[in-house]
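Here is the structure we will look at.
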Amino acid sequence: MSDLQVLIAGAGPTGLTLACDLARRGVAVRVIDQAPGPFPGSRAKGVTPRTVEVLDDLGLAQEAARAATPVVMRHYGRDGTFTDQRPASYWQTSPAEPHPQLLLPQWRTEAILRSLLGRLGVTVEYATRLIRFERDGKSGATVRLFDIFRGPHFTLVGFGQSSRSSLDAVRDAWPGPLRTCLIAEAGTLTDADGHAADGYGVTGEAMVLVRPDGHLALTVEAHDTVTVLTYLEALKRLPPGRLLS
């Protein structure tokens, strides 16, 4: 993007909040995240009053409050009975602290921020990671990106011409879904500056097997088709649903 002013690497709550604030001010922003998709869990549930003030500034405080769960403390007695209480410190407000603390799972916080970001015309680019950036000596940095291979298949990536025959051999021997990619001069892709190699930790000529979720499965020498096929064959013995766990 020639008009890109800010690149944000990481689409968690912090990155999304920054992106929303910049986009609403007319700054050309791009958001990338190496994860294959949004985080599905509920870590970082506690949203402090000061954080709610930031959401309020973005016009999101009421939406977040509607999606939040009340903070309840359960006290157990020696006889096993219990009482539920809402601590005043969690829900009372004041002119100095106008918002209460919220209990909101991270996936929901991110969804609220992502929705606003979309309305501002910016979409998070998942399965994309920042490998390095270099100062261009002029107005800023030249950013190098390498998209992670992901999809409904494994991807076998060969670095260097010597891996070409190995890619063909594995593809011919493995009956399951498999994508191959040769990174070399006159290959599927070129990596003259070595950014792809750096991203996968490859030095010299080698093969890298990437899982469907974009994570690295294994790295072998350029001619080691046996290890790759042994790994793929072992997948057949995994129970359903365990492939990516």
Side-chain angles (χ1 to χ4, degrees), residues 4 6-25 27-74 84-87 89-91 93 97-131 145-155 199 210-217 238-245:
L4 178 66
V6 177
L7 173 70
I8 298 175
T14 302
L16 291 171
T17 299
L18 176 59
C20 289
D21 192 40
L22 291 173
R24 67 172 176 165
R25 300 173 191 275
V27 177
V29 61
R30 184 177 180 183
V31 185
I32 63 172
D33 197 299
Q34 67 177 354
F39 175 71
S42 61
R43 64 188 179 195
K45 287 184 178 180
V47 182
T48 67
R50 295 306 183 198
T51 300
V52 180
E53 288 184 34
V54 176
L55 295 176
D56 188 35
D57 186 59
L58 293 172
L60 300 176
Q62 291 187 4
E63 183 179 356
R66 287 193 299 268
T69 301
V71 178
V72 176
M73 302 294 289
R74 175 163 291 185
D84 289 339
Q85 298 179 353
R86 290 192 62 191
S89 59
Y90 284 94
W91 58 266
T93 61
E97 200 170 85
H99 299 283
Q101 177 161 325
L102 303 180
L103 197 61
L104 193 65
Q106 181 172 324
W107 69 265
R108 190 70 182 90
T109 302
E110 290 183 5
I112 291 172
L113 289 164
R114 212 164 39 245
S115 178
L116 172 60
L117 190 61
R119 296 194 296 272
L120 292 169
V122 180
T123 301
V124 177
E125 300 173 51
Y126 287 102
T128 304
R129 60 178 168 178
L130 173 65
I131 297 302
L145 298 176
F146 187 77
D147 292 338
I148 298 175
F149 295 103
R150 70 183 184 96
H153 44 61
F154 276 79
T155 302
V210 183
R211 304 189 327 177
D213 60 2
H215 292 283
L216 185 65
L238 289 177
R242 286 292 306 280
L243 177 60
L244 301 180
S245 61

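Along the sequence shown, residues carry numbers from 1.
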Worksheet item: Does the side chain to side chain contact (heavy atoms under 4.5 Å, CB included) test come out yes or no for Arg24 and Leu58, once each step is laid out?
Response: CA-CA 9 Å; Arg24 67 172 176 165; Leu58 293 172; 3.7 Å; yes
From [X] atom [atom1] to [Y] atom [atom2], the distance as rounded to the nearest 0.5 Å:
X      : Y      : atom1 : atom2 : result
Leu7   : Ile32  : CG    : CD1   : 4.5 Å
Leu55  : Arg50  : CG    : CZ    : 13.5 Å
Leu104 : Thr51  : CG    : OG1   : 11.0 Å
Thr155 : Arg211 : OG1   : CZ    : 12.5 Å
Glu125 : Asp33  : CD    : CG    : 11.0 Å
Thr123 : Arg114 : OG1   : CZ    : 10.5 Å

What's the shortest heavy-atom distance between [X] and [Y], and which atoms?
X      : Y      : value
Tyr126 : Ala11  : OH-CB, 4.2 Å
Ala23  : Leu117 : CB-CD1, 4.4 Å
Cys20  : Leu120 : O-CD1, 3.6 Å
Pro49  : His99  : CB-O, 3.2 Å
Trp107 : Phe39  : CB-O, 3.4 Å

Worksheet item: Knowing that exactly one of Val54, Ile112, Thr17 qualifies, which makes a side-chain contact (heavy atoms from CB on, under 4.5 Å) with Leu60?
Response: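 Only match with Leu60 under side-chain contact (heavy atoms from CB on, under 4.5 Å): Ile112.
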Worksheet item: With respect to Glu110, which candidate in Pro40, Ser115, Pro105, Pro13 satisfies the side-chain contact (heavy atoms from CB on, under 4.5 Å) definition?
Response: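 With Glu110 as partner, Pro40, Ser115, Pro105, Pro13 yield a single side-chain contact (heavy atoms from CB on, under 4.5 Å), made by Pro13.
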Worksheet item: Is any side-chain N of the basic residue among Arg66 and Glu63 closer than 4.0 Å to the acidic one's carboxylate O?
Response: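 Judged by the 4.0 Å cut-off on N to carboxylate O distance, Arg66 and Glu63 do not form a salt bridge.
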Worksheet item: When you look at Leu16 and Thr109, which way does the side chain to side chain contact (heavy atoms under 4.5 Å, CB included) test go after all the steps?
Response: CA-CA 10 Å; Leu16 291 171; Thr109 302; over 6 Å; no
